[in-house]
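This report concerns only the one structure given below.
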Amino acid sequence: MSEALVAIEKLNVSYPGATVSAHVLDSVDITIGHGEAVGLVGESGSGKSTVAFALLGLLADDADVSAGRAAFDGRENVFATKEAEALRGTEIAMVFQDPMSALNPLFTIGTQLIDIQRRRFPNERRSQLWARAERVLAEVGMPDAPRRMRAYPHEFSGGMRQRVVIAMALLVEPKLLIADEPTTALDATVEAQVVEALRRLRRRTRSSMLVVSHSMGLIAELCDSVVVMYAGTVVESGPVKAVLRKPLHPYTRALLACEIDPYADFDPEQELATIPGIVPDPARRPSGCIFAARCTESHARCSEPPPHRQVEAGHRFSCWQDASR
Amino acid sequence: MRGAPLRIHLAFKLATALLAVAGSVVILMALTRLIPGDPATVILGSRATPEAVAALNARIGLDRPVGEHVLVFFAHLLSGDLGEDVFNGRPVAGLVAAALPNTVALAFSAMLSAILFGVPLALLSARNPGGKTDRVVAFLSVGFISTPSFVVAVFLLMTFSVTLRWFPVLGAGEAGAVGDQLWHLVLPTAALAVGWIGYIARLLRSSLLEVLGENHIRTLRAYGVSEAKILMKYALKPAILPTIAILAMGFGELLGGAVFVEVIFNRPGLGSLIYDAIRTRNYPVVQGGVFITVLLYVLTNLSADLTQTLLDPRERSRLAAARGT
């Protein structure tokens, strides 16, 4: 296989503070192949959204970003601001979480759908951009798209707004589509529709996808492989099937145990699974295994940085435990 | 049918506005009575005969209780009668009508220059908050805001009229000669507008920064929409809404604030009319002048309120939806 679309190695992001700087991402590796869909999963504060924003160059101005390697489609060093700016809205597009606030309330959907295409198609006339927007809006399942182009965001339901946001990403025909918690703000029935829209889109466009979510279920539905993040580090990564069938890192197992299984026998006495403790303060990271404090299986060696291991093709994890267990 | 809820909205606003005007007249009448010193004595001198004093009091309504006085004022108002000048018996309505255009021209040109200079300054500061331009604009704005307009007026008068002789010293210019009138308008306008330039620059800057931090702006940035377009189009429109409300109040305040400037530049106008009337205890003129000022103040607020409503599509459809219920 040729070079991957995205190859990021040892990505570090920190925010300088008054006394100590907060280390939000610590040596994160992400590889996304051409046409591959990668899921990024973890709790709030695990740094999964930071990875997405770093790819777009949209982190706050005081963020300190460094990477061993940052390649996108054959171009190196894409975290230099100029490079990230050139990719934004042309080759990388993002579907934002919370469709309620992702659209400007004072402008029609049509106006916004046209302006976001300007960077990608600078030479096309407004009428062409308008026609394309109308077509794509219909493709993502917006009924009566021509009329809805002239409506304002508040006239749409949550699910319909999320379709508008997805249509935005489709309009620029990106090589990489980042979806940041694409269904978190939606209720269950709408969620299913949006997942279906994203799936159709993947089949049709063959663009690569990075899905950021806290839900293993969503990632299992949409992605080929998964990257499990905890407190700014990658603890496990691999093909979705392999990771789900045989989670190797205790954190991945804990995360999977927290998912609610709607098919399980209902037991009112049973308590829902949780992971005790909280994510460590990014300004005071432990020197050893980052998860040790909350891990039920920790032992003496966990005070040292854990080794990176590979069990089978592409399935990696970082833990002192034996993989064969 | 579509206009019905808007009509109701308008009627409600109009009713509140009228109530405010009526209330202010009552307060005005009461305050007139509280000013120490018998107006008749001030007007006629200390050697006036009791008959003359009684006759004067009867003519300006001071022989009747406050409540009755107010009712008489409103009754006369219905036929467009604001009372008569105590000294020469000329109708107050005519005096006010003669003075009003000068004051409105002054307030209008001051407001226009406040917008013309304040809005670009706000945009410049918001482009790079904390930067050099922002700091310079902040310094100037605070200086402008905290210098009273009468101080600026005297300073401008001394510098540009007396010393440099660039601008005329006094008056409003020859009647009918528009060029001359505009020439006379420059310095008074500058004196009145300076504070408002600073105020608009600060106010709009902070609401721009607030809007720029919202998610919909991040969406546009993610698609590489140019910063200029984001600032001038997508951030300015939501940010200017609260400023419009302030501007309308400002217009009313400018009508009142014109007093100092009109007195210093010896311009005929509503401000100087009321000022002279207070000095000579010419109560009917004071009442008529203040009444018209209050009326204008309330009307500008009302129109700003409507403009704001009509600019916001959410408000528009809220009003349209009210028709159903």
Side-chain angles (χ1 to χ4, degrees), chain A residues 49 52-53 55-62 84-109 111-122 150-156 161 164-165 167-172 174 177-178 180 185, chain B residues 2 5 125-134 204 207-245 307-324:
Chain A
S49 290
F53 283 112
L55 273 168
L56 276 171
L58 280 181
L59 292 175
D61 289 337
D62 60 340
E85 227 163 67
L87 294 174
R88 241 190 265 169
T90 54
E91 309 204 345
I92 305 181
M94 187 149 180
V95 176
F96 288 95
Q97 66 184 71
D98 193 10
M100 297 300 165
S101 64
L103 297 166
N104 192 312
L106 296 189
F107 293 89
T108 60
I109 296 299
T111 310
Q112 300 184 55
L113 286 178
I114 280 175
D115 276 342
I116 57 115
Q117 296 179 71
R118 295 272 186 207
R119 161 73 66 91
R120 181 73 171 82
F121 306 106
R150 293 177 202 283
Y152 290 91
H154 71 270
E155 299 172 85
F156 292 82
R161 275 192 235 189
V164 174
V165 174
M168 279 185 164
L170 280 182
L171 274 171
V172 300
L177 186 97
I178 302 175
D180 183 20
Chain B
R2 204 177 149 73
S125 323
R127 205 181 48 172
N128 183 14
K132 210 178 204 166
T133 323
D134 186 30
L204 188 59
S207 61
L208 274 171
L209 289 183
E210 195 180 313
V211 173
L212 284 172
E214 283 171 12
N215 284 346
H216 53 84
I217 298 295
R218 193 184 60 186
T219 306
L220 297 172
R221 287 198 174 128
Y223 286 95
V225 177
S226 70
E227 278 301 309
K229 192 170 211 166
I230 289 178
L231 196 62
M232 305 285 283
K233 184 175 177 180
Y234 287 100
L236 188 58
K237 196 173 175 188
I240 206 136
L241 289 178
T243 313
I244 286 175
T307 319
Q308 218 180 353
T309 305
L310 293 178
L311 275 179
D312 192 333
R314 288 165 297 185
E315 286 292 307
R316 279 204 302 269
S317 46
R318 197 177 58 76
L319 289 175
R323 152 183 59 156

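Chain letters run A, B, ... following the sequence lines, proteins first, then strands; residues in each count from 1.
For the pair B/K237 and A/F107, the cation-pi criterion (under 6.0 Å, within 45° of the ring axis) is fulfilled.
Residue with the most contacts toward chain B among A/V172, A/I116, A/L106: A/L106 (heavy-atom pairs, distance under 4.5 Å).
Within a 6.0 Å sphere centred on CZ of B/R127, heavy atoms belonging to other residues, nucleotides or ligands number 12 at most. By the neighbour-count criterion of 12 heavy atoms within 6.0 Å, atom CD of B/E210 is sparsely surrounded, having that number or fewer from other residues, nucleotides or ligands.
Neither the backbone nor the side chain of A/Q117 has a heavy atom closer than 4.5 Å to any heavy atom of chain B. Residue B/K233 touches chain A through both its backbone and its side chain, counting heavy-atom pairs closer than 4.5 Å. For A/T111, the parts lying under 4.5 angstrom from a heavy atom of chain B are both the backbone and the side chain.
Between B/T133 and B/S125 the shortest side-chain heavy-atom distance does not fall below 4.5 Å.
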